[in-house]
> 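Sharing a structure, written as C-alpha cells. Questions coming.
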Amino acid sequence: MPTANTTIPIHGPVDLLTRLDSPDPETKLKALREIKNQIIGNRTKKLSFLKLGAVPAVASILSPYATEADSQLADSDVSTSNIIVQSAAVLGSFACGFDAGVRAVLDAGSFPHLIRLLFNPDEKVVDASARSLRMIYQSKLAPKYEFVQEKNMEFLISLINSECENVTGLGASIITHSCETSAEQRALCDAGVLKKLISLLEGSLSQKNATLESLAAVFKNNPEVISKFVGLENERAVEGSLSPRDSSLESLGTVLKNNPESVSKFVGPESGSALSSIIELTKDRYARTRLLACMCLIVIRNASPNYLQDVGIKAKLVYLLLELLDDPGQVGDEAPFVFSSLVAGKEDLQKLAFEDNAVNKFCNQLQKGQLHPKRLQGILLALADLCSKLEGCRLTFLSLKVLNQVIDALTHDCADVRTSACICLRSVTRSIKNLCAGYFMNEMLVISLIRLLDDPSVSAQVAALGAISNIVVDFTTRKSTFIQCGGIKQLVQLTKSMDSTVRFNALWALKNMMFLADDRCKEGIFLELTGSLLASLICDPEPCVQEQALALVRNLVDGCIKSIEYVFAEDGILLDAVGRQLHNVSDEVGIQGMYLLGNVASGNEFHKEAVMQQLLAQADNGAQSFVIKFLQSSDSRLRTAAVWVIVNLTFPSCPGAFGRLVQLKNAGIISQIRNMVNDSCLDVKLRVRTVITQSMTFGDGLA
Amino acid sequence: MPVRVEETSSSSSTSSSSSAPSQLSGENSSGHTSPPVCTLLTVGQAFSGTQNVSSLQKDEAWRVNVRIQGCDLDHGYLCGTMEALNVPMADTPVVTFWEGEIVDGKNYTFFTGKWEASSEDDTRHWTQFPSFQPFLEQVKVDGGKSLDLINYPYIFMRWKEQYFVNVGTDCGLTIAGFYYVCFSCTDGSINGFYYDPNSSPFQKLELKSTNEGRSGFSFSSYELQ
C-alpha cells in the first residue's frame, strides 16, 4: 500500500555549505548536523567535503564563540550552544582517523579555539570540544603538548581529574601523543599522574583504552617509572591491609626498605596490584582493551627485565595476540605489530610462539589475500621477527608456500608494505640450508627485488638491499640469475648514493656476492665498480662503509691466485688506499683491512713484497707500523687477523721469506709477536706459534 | 659423503627435517662458554682428503673435498658441502650438504641422542680420537656437559648430511649416517668416523686445510643481514 513519503531530504555538499552561511541559526544548525551525519565513518564523503572547503567554513562558525569572553558565553542561548557543540563535533568527525581532515582542522586554526572551549561553562560544549581534540590527538599530525612546563602540567592534570569522560580521555590522549622523552615520563610520574591513570583503569571502556595507551607511553623504555608504578601500587596494597595486629606487614616493610632486589622479588606479577589490574584487562570482553592491555604489559616487559618474565605470562601474551589476529577490524590490523614488539630480538619468545603455531597462523592470514595494507604490513613484519633467528620458523614458512604472496607484496602500492615484504624476505633468506640449495635465486623474486632498488622510498630501497645481501650468498653457480637481471649495475650505482646507509648496504650486498664467486662474476663486478671507485669507498667518511668496501676487496682477492692482481690495477690505487686508511681506523675496519692484506700476502713473492711495503711504509720514517698497534689491540679478532698477515709473509719455502723476516724483526714486529706467545685467545696463541715455528727454520738467533 | 646403498640393509632414507640437527636446541647458557673461535673453521675454508670406504671385499678410499658454508657458534651450528670425487657409480663428483653440531656443552654434548646412536656408540667413536681421552671419564658421567672446552685446541663435532646438491636421491647412494668429527685448531686438520649401523664401521675421514695453490692462508667472508 502506498504511503506518504516522509523521508528527510538529503542535501548535497554544495547546498549544505551554502546553508552553513545562513543567518538563520536553525538552518545553520541543521546543516552542521547533516554534514556530521554524512561524514561519520565515510572517508569518501569527508574528502569531498574537504575539497569544497567545509572545514574552514565550520571553523569560521566556531571561531567567534571561542574568542568571546567566558562571561558572554555564559549568557548564550540554547541555539548558540548547540551550534558550538555541532561545529566542534563536525571538526572532530573530520579529524577522526583521517589525517587530511586533521591537517585541514589545524590549518583552519581551530585547534586553539577548541582548547579554549574546554573552559566553557557549558558542559556539553566542553564535552564536544574534548571529543574533537581527542580525535586530533590520535593523529601524528597533532601538535606536541609541552606539559613539562608547569602551567601546562597543571592543565593536563586538571583534564585527567575531570568528571567528564571525554575530558579525561583527552588528557590520556595528550600523554600518549606527547610523552616521548624519559624526562617527560619522569615529570608525569613526579606530578602524580600515574596514580590517577591507575584509577582510570576502572573507568568506562573509552577511559580504560585511552589510559592503557597513555600508560604504555609513560612506561616505554623507562624501567625507573615502571618500578615506581609497581611500587606505588604495592604501597597502596600494603597500606590497605595494614592493621595494628598485623606486625608481619611492618616487618615486611623493613625487609623491603631500600632494597631494590627484595622489592623487585616482592612486586612480582602476582603481588603488584597495578600490574595485576593490567593483566586482568587482558581478559576484558572488548578486543581493543585486551590488545591495549597486552601492549602495555609488553612495554613493561621490554623495558624492565624484573617484571613479567615467567613463562606463563609470556605464553599468555603470545596466545592472546594470536587470537586477536582473527579480529576483522582495527584490532586485528594492529595485533601483528604488538606481536612483533613482543617477540622481536627474543629467541625464547619466538620459540614459544613457534610452538603455538604462530607461523602457520600468520601464513594463513597471508593466504587469505586482499588484506588491508596495514594488516598486510603487520603480518609481514611479524613473520620477519619470527623467522629472524629460528631455522624451524623459516622452514615452516617455506613449507607453507606463501613465498609468492610475499613476492607479490614487493610490488604493492603502499611503500610500507613493500618495505615489510623485503624485511620478511631478509629473515627467511637467513636459512643457509635453503641458500645452499639455491632456493631463493628464482627470477620472479630477484627481478622484483632489483626493481625496488629504484624505489622512491629509501626505506624500501634499504630493505631490498638487505634481502638481496642474503640472496646473493648463493653457494651454487646461480649468481648468474642476479647478474643477468642487471643486479650488479644497480648495486654499483647505489654505492655512489649520497645516503651513507644506501652505500653501506649496497656494498654489503656486493661483498656477499663476491664471496666464493667465480672468476667471471668477480670480473663483472670489478669492471662495473672500477678500482678508483673502490679506492674512494675504502676512504669513505663513514667507517661502516670503509669496512664493507675492505671486506668486498678481501673477498675479491680470495680464491684463484690471479684474483690478487685486482689490487694492483690502476697503478695499485686499491692497495695504496688500504695502506693509507689503516693508519687510523676502528677495530672493525682494521680487521677487514688486515684480512685483505693477509689474502694478498698469501700470493706470490711480488704480492708479499707489496704488502711489506704497505706495512713498513711508516716504519721507514721512524714511526710505529700500524701492525704493531693491531697486534696490541684488546680485540682478539684484530690480533688474529694481524698475526695471519705475518704468518703469510713468513710462509716457509718462499724465496723471500728470510729477507722479510729480517725486515719485520727490524721493525719490531717479530718481538711483538714473541710477546704474544701466551695470548689469552687460543686462536692468536696458535698463530703466533706458527710464526715462531716458521721463523725458527731460519735459525734461532734471528727469531 | 654418501656411501653406497648396497652397504645398507634396510635404510634408504636420506634426510628429513625431523632428523636434521636442531640449530637451536640450547638448554641453558649459564656457566658455559663457546669453543674457541678458530679462523681455520670459518666460512669459506676448504679442506681436502679421503674417506676410507673399505669393506671386507676390497680396500677403497674416495677423495673428498669439504667447504664450510655457514657457522653460528652461539647455536653450536656449522654447515657446508662435501664433495666425493671418485665415486665409482657416479658420472660426476657427488656433492652433499651437511649440517654440524659443535660439542660445546651448551648446545650439544658428546651424547648424540638420535640418529640411531647410543651412548655406547658415541663413546666407541669418540675414543678413536686421542685428543678425546682426557674427557672420557667425565663424558661417561654427564656427556661432557660440565667440561670446559674453551681453551682446548680441538673441536668435536657431528656432521650430518642433509641432501644431495647435484644428483637425485635415486643415485644409488645413501646419506643415512653421520660423522663423528675432530678438528684440530692448530693446523686445521680434520679426522672423522662415519657412523651408520647399516654400513661398514669406522669409515675414516681424513682432511687437511687447503690453501688452493697459495703460499699462505686466505680468508673470505660473508654476513647475512
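Note on naming: letters A, B, ... go to the chains in the order of the sequence lines (proteins, then strands), and numbering restarts at 1 for each one. Just so it is clear, the values below take in all heavy atoms, side chains as well, and ignore hydrogens, waters and symmetry mates.
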> Where the side chain of A:Asn555 meets the backbone of B:Ser221, is there a donor-acceptor pair that is under 3.5 Å apart?
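It does hold such a pair.
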
> Donor-acceptor pair, B:Tyr163 side chain versus A:Ala437 backbone, under 3.5 Å?
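Yes.
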
> Please classify the contact between A:Cys560 and chain B as side chain, backbone, both or neither, with a heavy-atom cut-off of under 4.5 Å.
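Just the backbone, heavy atoms under 4.5 Å.
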
> Answer with side chain, backbone, both or neither: which region of A:Val557 has an atom nearer than 4.5 Å to a non-hydrogen atom of chain B?
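Looking at A:Val557, just its backbone touches chain B.
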
> Where on B:Phe219 is there a heavy atom nearer than 4.5 Å to chain A: the side chain, the backbone, both, or neither?
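Both the backbone and the side chain of B:Phe219 come within 4.5 Å of chain A.
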
> Given A:Leu686, which partner from the list B:Leu40, B:Thr186, B:Thr39 fulfils the side chain to side chain contact (heavy atoms under 4.5 Å, CB included) test?
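Only one of B:Leu40, B:Thr186, B:Thr39 forms a side chain to side chain contact (heavy atoms under 4.5 Å, CB included) with A:Leu686, namely B:Thr186.
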
> Less than 4.5 Å to any heavy atom of chain A: does that hold for the side chain of B:Asn211, its backbone, both, or neither?
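Just its side chain gets close to chain A.
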
> Select one option (side chain, backbone, both, neither) describing which atoms of A:Gln548 are under 4.5 Å from chain B's heavy atoms.
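Contact with chain B involves the side chain of A:Gln548 alone.
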
> Hey, does the side chain of A:Lys433 reach the backbone of B:Glu99 with a donor-acceptor pair shorter than 3.5 angstrom?
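Side chain of A:Lys433 to backbone of B:Glu99: no pair is present.
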
> For B:Phe217, does its backbone N or O pair with a side-chain atom of A:Asn648 as donor and acceptor, under 3.5 Å?
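Yes.
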
> The test is side-chain hydrogen bond (donor to acceptor under 3.5 Å, both in side chains); show your working for B:Gln225 and A:Asn512 and say whether it passes.
CA-CA 10 Å; B:Gln225 284 215 20; A:Asn512 281 1; over 6 Å; no

> Considering only residues two or more places apart or on different chains, which pairs with a residue in residues 129-139 of chain B satisfy salt bridge (Lys or Arg N to Asp or Glu O under 4.0 Å)?
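As it turns out, the salt bridge (Lys or Arg N to Asp or Glu O under 4.0 Å) pairs with a partner in residues 129-139 of chain B, which skip direct neighbours, are B:Glu137-B:Lys140.
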
> Has B:Arg214 got a side-chain atom pairing as donor or acceptor with A:Asn604's backbone, closer than 3.5 angstrom?
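Checking the backbone N and O of A:Asn604 against the side chain of B:Arg214, no donor-acceptor pair under 3.5 Å is found.
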
> Decide yes or no on side-chain contact (heavy atoms from CB on, under 4.5 Å) for A:Asp558 and B:Glu212, but give the supporting numbers first.
CA-CA 10 Å; A:Asp558 178 59; B:Glu212 299 174 281; 5.5 Å; no

